[in-house]
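Structure first, then comments.
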Amino acid sequence: MIRALPFVLLATAASADPLFENRSGGIPDHIYSGGWEHFVGGGVAVFDCNGDTLPDVFAAGGETPAALFRNMGDFTFVAATIPALTGVTGAYPLDINADGLMDLFVMRVGPNIVLQGTGNCAFSDATDALTIPADDQWTTAFSAWWDTDGKPTMAIGNYVDRFDPEGPFEACDRNHILRPTADGYATAPLNPGFCPLSMLASIDARGRPTLRISNDRHYYVRGGYEQMWDIAYERFLGPADGWQNVSLWGMGIASRDLTGDGRDEVMMTSMGDQLLQIAQPDGTYVAAPYAIGTYAQRPYTGGDGRPSTGWHAQFGDVDNDGRADLFIAKGNVDQMPGLAMQDPNNLLMQNENGQFSETGGGAGIASTDRSRGAALVDFDGDGRLDLIVMNRRAPIELYRNVTADTGHWLRIALSQSGGNRNAIGAVISVKTETTQSQQVTIGGGHAGGQALPLHFGLGPATNATVTITWPDGTASSHSTQSDRQITLTKP
């Protein structure tokens, strides 16, 4: 039985409907191309690679070489020189060696690669130096966390075993945990594997660090399901733990506390229904009621009643009213006849009652290309979240948020000493008339993520109290004014 959904009514500033301006001409043409091995993937990694506070973009290319685009300001991006890499499905930024420069874990059809940041958007190949295994697998999911004060522990999700003569159906490959050693990394199995397309290490509804894995039913066919792996206990959870197995065509993961209780809700994209799970006080999850408006199971533009296919999902406060909204990238896998071909991306705005309303068409972001990875990011520093979308067999898209009468905002970066320099695993709470929280994580989305300050919309509030629960469990509180980016350092 679905329990009542205790949504908190957040204070808002009067705001207009969301509106985006297509600025795709400001970024060089780039597509995610390739055959069946690139039906999935196509992620973007967004981070600041040269210290100018403007977010830059690493874009997967599939059979097209991957690209790095430097943000020059005013929605102008230029291509930077990086090692020539093909077969790239996506990438995640993280600071592996705690030198203050972002590195990239690059996922590939073939051996994965770690690009170490050397400053000014330059990179060197650190794969061998870190003893990252040169497995010839099809990597489609990644997450990372810190168990100790050294280098991060990393989870690698591999899709279908391309070399299985009985495949591709029921031929899901093995997943791995990479654990830091004195000399680099050692590999441990993470089995069973059910063809993952997203992984996210975060604090679950129980309050424990857990690796959530979203798996694609299309290839495991039967006997598989979405997975939860307790990081400390090093075991998968099951019904006895309160985790009820769910099977879907899992593509992407997004998490955010929507109810104000400090527990993250979790969105899992799929073919057909997009599943939002509501965290419960007893540490379990229940499916959100249909009336919440997030299932987004068919195209909203009309003319095609077949199911949608969801990929990257991200929560973000598009109008800065203090309520997290939701973007979902949509697009047919290739030419699957049972699924919608004209499948516009979703922009679901959260209302005062906690329900979501579709606004993608009016907002100007209803592209019907085969979208894959994406990111809601403030590219120009004006306090409004913009949008970048990667497409399969179509050029990358860039949109500027020009929504009028938006609320106040705050961006927060964290810093601490030791190997976990960016405080991955911390929780940031922002209190105005209500309290919002976000976790600092690496992973989730579909084939790409961000390493940027976390964005909070504040509605009418001009001041806020920020409380950081640091990865070691200690807490610190800070007062700040709105409409600025701040960096908080662990005392």
message = What I want to find out is whether Arg208 reaches Asp241 closely enough, with some N-O distance under 4.0 Å, to be called a salt bridge.
response =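 So Arg208 does not pair with Asp241 through a salt bridge.
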inquiry  = Under 4.0 Å between a side-chain nitrogen and a carboxylate oxygen: does that hold for Arg179 and Glu234?
reply    = yes
Please check this pair: side chain of [X] against backbone of [Y], looking for a donor-acceptor N/O pair closer than 3.5 Å.
| X | Y | result |
| --- | --- | --- |
| Ser214 | Ser198 | no |
| Tyr225 | Gln244 | no |
| Asp273 | Gln297 | no |
| His312 | His446 | yes |
| Ser24 | Leu398 | yes |
| Asp48 | Leu452 | no |
| Trp146 | Ile424 | no |
| Asp173 | Tyr159 | no |
| Gln314 | Leu376 | yes |
| Lys330 | Ala296 | yes |

Quick one: [atom1] on [X] to [atom2] on [Y], what's the gap to the nearest 0.5 Å?
| X | Y | atom1 | atom2 | result |
| --- | --- | --- | --- | --- |
| Leu326 | Met267 | CG | CE | 5.0 Å |
| Asn420 | Leu94 | CG | CG | 10.0 Å |
| Arg384 | Asn320 | CZ | CG | 9.0 Å |
| His176 | Asp135 | NE2 | CG | 5.0 Å |
| Thr127 | Ile113 | OG1 | CD1 | 5.5 Å |
| Ile442 | Ser202 | CD1 | OG | 12.5 Å |

key: Derivation of the side-chain contact (heavy atoms from CB on, under 4.5 Å) call for Leu115 and Asp103   = CA-CA 6 Å; Leu115 295 180; Asp103 311 307; over 6 Å; no
Quick check: do [X] and [Y] have side-chain heavy atoms less than 4.5 Å from each other?
| X | Y | value |
| --- | --- | --- |
| Trp311 | Val333 | yes |
| Arg323 | Gln436 | no |
| Pro152 | Phe105 | no |
| Val88 | Arg108 | yes |
| Thr89 | Val40 | no |
| Phe194 | Ile213 | no |

Using the side-chain contact (heavy atoms from CB on, under 4.5 Å) rule, pick out the option among [options] that qualifies with [X].
| X | options | answer |
| --- | --- | --- |
| Tyr285 | Val266, Leu275, Leu276 | Val266 |
| Gln439 | Ile428, Leu200, Ile203 | Ile203 |
| Asn215 | Glu226, Met199, Met251 | Glu226 |

Ignoring hydrogens, what is the shortest heavy-atom contact between [X] and [Y]? Give both atom names and the distance.
| X | Y | result |
| --- | --- | --- |
| Val160 | Pro168 | CG1-O, 3.7 Å |
| Gly272 | Pro307 | CA-CB, 3.8 Å |
| Leu347 | Ile365 | CB-CD1, 3.9 Å |
| Thr131 | Tyr185 | OG1-N, 2.7 Å |
| Ala171 | Gly167 | CB-CA, 3.7 Å |
| Arg372 | Asn332 | NH2-O, 3.2 Å |

task = Kindly assign one of parallel, tilted or perpendicular to the pair Trp229 and Trp145, based on the angle between their ring planes and the thresholds 30° and 60°.
result =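 Tilted: the ring planes of Trp229 and Trp145 meet at 30° to 60°.
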request  = Return the orientation label for the Phe315 and Phe356 ring planes: parallel under 30°, perpendicular over 60°, tilted otherwise.
outcome  = tilted
Just checking, is any N or O donor in the side chain of [X] or [Y] under 3.5 Å from an acceptor N or O on the other one?
| X | Y | result |
| --- | --- | --- |
| Asp282 | Gln280 | no |
| Asp343 | Ser308 | yes |
| Tyr300 | Asn346 | no |
| Asp319 | Thr403 | no |
| Asn22 | Glu397 | no |
| Asp304 | Gln342 | no |
| Thr210 | Asp230 | no |
| Gln274 | Thr269 | no |
| Ser429 | Thr435 | no |

request  = Give the C-alpha distance, both sets of side-chain angles, the deciding distance and a yes or no for side-chain contact (heavy atoms from CB on, under 4.5 Å) between Val377 and Asp386.
outcome  = CA-CA 5 Å; Val377 173; Asp386 310 302; 5.9 Å; no
query = Are Arg23 and Phe379 in a cation-pi contact, defined as NZ or CZ under 6.0 Å from the six-membered ring centre and within 45° of the axis?
reply =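 So Arg23 doesn't make the cation-pi contact.
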key: Chi angles and distances behind the side-chain contact (heavy atoms from CB on, under 4.5 Å) call for Leu348, Ile328   = CA-CA 8 Å; Leu348 299 163; Ile328 304 175; 4.2 Å; yes
task = Mark yes when over 12 heavy atoms from residues, nucleotides or ligands other than Tyr233 sit less than 6.0 Å from its OH; otherwise mark no.
result = no
query = Got more than 12 heavy atoms from elsewhere within 6.0 Å of CG, Asp334?
reply =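 Yes, the 6.0 Å shell around CG holds more than 12 heavy atoms from other groups.
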task = Tell me, with the steps shown, if Asp317 and Asp325 meet side-chain contact (heavy atoms from CB on, under 4.5 Å).
result = CA-CA 5 Å; Asp317 194 345; Asp325 310 303; 3.6 Å; yes
